[in-house]
Asker: 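Just dropping this structure here.
This structure is a prediction, so every number in the text was calculated from the model and none was measured. Note that these values count all heavy atoms, side chains included, but never hydrogens, waters or copies made by symmetry.
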Amino acid sequence: MNFFERQAQARRNTTRLVLLFALAVAGIVLAVDLAVLLVFGGDPALLVVSTLLALGVVGIGSLYRVASLRSGGEAVAQQMGGVPVPEDTTDLHLRRLRNVVEEMSIASGVPVPKVYVMEHEAGINAFAAGYSPSDAVIAVTRGALDRLNRDELQGVVAHEYSHILNGDMRLNIRLVGVLFGILMLGLIGRKILQHGGAVRSRDGMPILVGALIALLVGYIGLFFGRLIKAGVSRSREVLADASAVQFTRQSSGLAGALKKIAGLHDGSRLGERADAEEVGHMLFGDGTGLRGLFATHPPVLERIRALEPSFKPENLERLKAQWLATPPNGLDEDLRLGLVQHAALPQSSARFEVTPPMVAAQVADPKDDDYRRADAIVATLPDALRAAASRRDGAGPLLLGLLLDDDAGVADRQRSEIVARIGVQAASEARRLRDEHLHALHPMLRMPLAALAFPSLRLRPRPELATFLDTVHAVVHTDGRVSLFEYCLGRLLEVQLRETLDPGRHVRFGRRKPGNVRREFATLLAVVAHAGNPSNPDEARRAYLAGMQRVLPRDHLPYAPPAEGVLALDAVWEPLDALDPLAKQVAVEAITDAVSHDGRVSVAEAELLRTICGVLHCPLPPMLERG
């Protein structure tokens with residue numbers, strides 16, 4: 001399956017989750033009514049009250065838990081005892097983890113997630129949490145950092161990136177809310193029985209009987225909860241293992257991590273936590289210890305054999321002795337930022353051939369070359385820019401510096417807008433970075449640099465993020481003209497920051513078909529065609545028609561470049577982002593047809609294509625594959 005097919009499957013799993021939840025609630029209500037009928041008789045009014053009470057408890061519990069996780073991945077990471085990994089950490093294990101995460105983010109074209117470490121967890125485990133790549137968190141246990149070598153750590157991180165890219169995180173975080181509601185009655189009954197000494201009298205007996213009923217019904221909720229987790233999670237774990245092998249182009253790293261989990265019995269420590277029922281399905285290794293029908297993960301030996309069919313379980317004892325006798329990490333070698341041989345960046349004027357299926361296949365599917373290019377990007381960036389991107393107080397000025405105009409008069413007015421909103425210091429730093437480094441930056445490095453800066457920017461308080469968005473808007477519109485790059489970077493930042501401010505509201509699976517958004521497609525393709533051929537209307541028209549033929553072959557919408565230029569795109573993003581996943585694949589192919597109608601794609605057009613895909617949550621690697 002490609003990215004779009006995996007997204008479609010994740011959407012079907014969401015529908016399946018809703019149906020299973022409804023069945024679970026129905027089972028709980030029937031059990032409550034049956035218990036009331038047996039204990040208190042068949043009073044219809046009492047049965048109505050018990051039904052409404054059961055529905056209310058489950059519904060309120062689920063809504064409360066979902067609301068408590070509205071801030072996204074960070075809420076889950078903190079619940080699990082995770083602490084953020086500092087951007088400037090000097091801990092060699094943490095530095096290696098950040099390097100692996102940053103390399104994989106650039107290679108896959110997604111914003112760098114926040115990185116957490118669970119310091120007090122000695123077992124090998126990890127998870128990804130969040131509603132979208134923009135608010136994603138990757139958390140790794142200290143045991144994983146201590147025991148895994150770089151290839152093994154990369155395999156585990158790649159497994160978690162699969163959950164980020166395929167939409168699993170969204171499903172998992174909603175599953176946490178569903179499970180809490182289902183288990184709510186049992187939790188209430190247990191608490192009353194544990195602390196109900198004050199009601200243990202003749203007058204308090206109905207309360208104790210009700211608590212006992214709730215506790216017994218809670219086991220029904222537990223049964224359904226575990227069944228839902230197993231049904232939704234197990235297949236996603238198999239897919240994540242397969243995707244991790246695709247991402248890293250080798251199976252030994254992931255297999256090595258799983259062998260250490262099996263041989264050292266280090267994968268289930270997190271299952272001892274009180275909240276394991278809620279989060280066990282999110283973990284890299286089995287977090288609950290359940291087997292058979294209720295297992296959220298395939299057996300670890302089965303996962304190993306899927307990666308290495310010749311593996312023999314009896315070898316684990318010998319491997320265990322080796323692991324315990326030798327240091328697990330070659331940190332001196334592992335701390336390199338990437339590969340020794342760097343892939344060359346194309347010149348800004350270079351043109352290369354692509355095809356629509358080739359680009360669609362690249363979405364959320366980094367290859368070997370993408371990791372080499374990610375390494376080349378990181379190695380090419382000046383140290384001063386990398387340092388600014390990693391600092392909370394440096395990320396904002398860096399991004400604003402990317403937007404400063406080459407015209408001195410316009411840049412001065414932009415500086416005034418920055419000063420008025422976030423102060424003189426930020427404005428001066430943005431200008432300094434622009435003058436000393438950013439003006440000479442390779443065009444292909446601008447968006448990856450922004451991706452590196454994004455997690456540092458997210459560390460700022462939410463009111464400051466809202467102010468920063470307002471500042472970006474003012475800087476982009478200072479001279480009344482918005483260039484293609486200004487619009488793309490400004491829009492990408494706005495999408496990502498708004499999802500950070502309220503991730504649960506802005507991110508969801510779409511269901512629209514291309515026929516429902518004809519005008520939006522026409523506007524988008526007209527802007528893309530004009531941007532690629534600004535001085536040749538005939539070529540622009542041919543580019544437009546090539547894209548429309550791909551996505552709406554039976555429609556005849558004439559080419560009409562919008563009078564407002566690139567700003568016309570403001571009206572298309574929300575409807576197009578609401579497309580069904582498989583319709584998004586057609587959209588990506590249509591945009592590719594428009595930019596490659598002449599058989600070639602310039603670097604500027606490739607960057608525009610990547611930006612559009614980013615806004616539509618279809619991340620592309622830093623460079624397109626050449627045909």
Side-chain angles (χ1 to χ4, degrees), residues 3 85 87 95-115 128 132-134 136-138 150 153-155 157-162 164-165 243-244 246-249 334-346 359 362-383 385-390 394-395 398-399 402 437-438 441-458 488-489 492-493 495-496 603 606-607 609-611 613-615 617-625:
F3 166 78
V85 175
E87 291 76 12
R95 183 69 259 162
R96 183 184 60 177
L97 173 63
R98 290 202 66 89
N99 288 346
V100 168
V101 170
E102 289 174 0
E103 177 188 279
M104 195 158 291
S105 289
I106 294 174
S108 58
V110 301
V112 180
K114 287 188 176 179
V115 185
S132 76
S134 296
V137 163
I138 284 183
R150 192 183 197 278
L153 182 63
Q154 187 185 52
V157 171
H159 176 102
E160 300 308 327
Y161 262 78
S162 170
I164 293 175
L165 293 168
S243 297
Q246 277 187 297
F247 294 167
T248 60
R249 285 302 181 267
D334 290 340
L335 280 170
R336 294 176 302 166
L337 285 175
L339 302 175
V340 174
Q341 295 181 343
H342 303 312
L345 297 174
V359 173
Q362 278 190 269
V363 173
D365 188 17
K367 305 287 196 302
D368 279 347
D369 285 347
D370 296 314
Y371 290 111
R372 286 196 291 272
R373 290 163 184 161
D375 174 62
I377 287 170
V378 174
T380 304
L381 287 171
D383 290 341
L385 295 183
R386 294 218 314 260
S390 69
L398 174 66
L399 294 168
L402 285 168
H437 302 287
L438 293 172
L441 193 67
H442 192 291
M444 295 298 289
L445 297 176
R446 294 181 297 195
M447 291 301 181
L449 177 61
L452 288 176
F454 184 59
S456 303
L457 185 67
R458 288 194 301 177
C488 288
L489 180 58
L492 203 55
L493 280 170
V495 168
Q496 292 172 352
V603 172
E607 190 61 22
L609 175 59
R610 287 189 68 252
T611 301
C613 288
V615 174
H617 300 95
C618 303
L620 275 174
M623 297 177 203
L624 301 179
E625 291 294 334

Asker: Given 3.5 Å as the limit, does a donor-acceptor pair link the side chain of S456 with the main chain of A395, or not?
Answerer: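 No; zero donor-acceptor contacts below 3.5 Å.
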Asker: Kindly give the heavy-atom pair with the smallest separation between V363 and C618, and that separation in Å.
Answerer: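 Reported closest heavy-atom pair: CG1-C, 3.7 Å.
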Asker: Please report the interatomic distance CZ(R446) to CG(L438), rounded to the nearest 0.5 Å.
Answerer: 10.0 Å
Asker: Taking C-beta and beyond as the side chain, do L381 and L441 meet within less than 4.5 Å on heavy atoms?
Answerer: yes
Asker: Distance from H437 atom NE2 to L402 atom CG, nearest 0.5 Å?
Answerer: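 Taking NE2 in H437 and CG in L402, the distance rounds to 12.5 Å.
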Asker: Considering only heavy atoms from C-beta outward, does the side chain of H442 approach that of L445 to under 4.5 Å?
Answerer: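 Yes, side chains in contact.
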Asker: First locate atom CD of E160, then atom CE of M104, and finally report the distance between them rounded to the nearest 0.5 Å.
Answerer: 11.0 Å
Asker: Do V157 and L97 have side-chain heavy atoms sitting under 4.5 Å apart?
Answerer: yes
Asker: Just how far is it from atom CZ of R96 to atom CG of L153, taken to the nearest 0.5 Å?
Answerer: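 Going from the CZ atom of R96 to the CG atom of L153 covers 5.0 Å.
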Asker: Restricting to non-hydrogen atoms, name the atom on L489 and the atom on L399 that form the minimum distance, rounded to 0.1 Å.
Answerer: CD2-O, 4.3 Å
Asker: Are the side chains of I138 and Y161 in contact, using a 4.5 Å heavy-atom criterion?
Answerer: yes
Asker: Q154: which residues meet the side chain to side chain donor-acceptor pair (under 3.5 Å) condition with it, sequence neighbours left out?
Answerer: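 With neighbours one apart ignored, the set is E103.
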Asker: If you define the side chain from C-beta out and look only at heavy atoms, does anything of S108 sit under 4.5 Å from P619?
Answerer: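 With C-beta onward as the side chain, the pair stays apart.
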Asker: Let me confirm one number: the SG-CZ distance from C613 to R610, rounded to the nearest 0.5 Å.
Answerer: 9.0 Å
Asker: Using the salt bridge (charged side-chain N to carboxylate O under 4.0 Å, His left out) criterion, which residues pair with R98? Sequence neighbours excluded.
Answerer: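 Testing R98 for salt bridge (charged side-chain N to carboxylate O under 4.0 Å, His left out), a comparison that skips the adjacent residues, returns E102.
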Asker: Look up atom OG in S105 and atom CD1 in I164, then write down how far apart they are to the nearest 0.5 Å.
Answerer: 7.0 Å
Asker: Hey, are the side chains of V101 and P113 touching, using non-hydrogen atoms and a 4.5 Å cut-off?
Answerer: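 Counting from C-beta outward, V101 and P113 do come under 4.5 Å.
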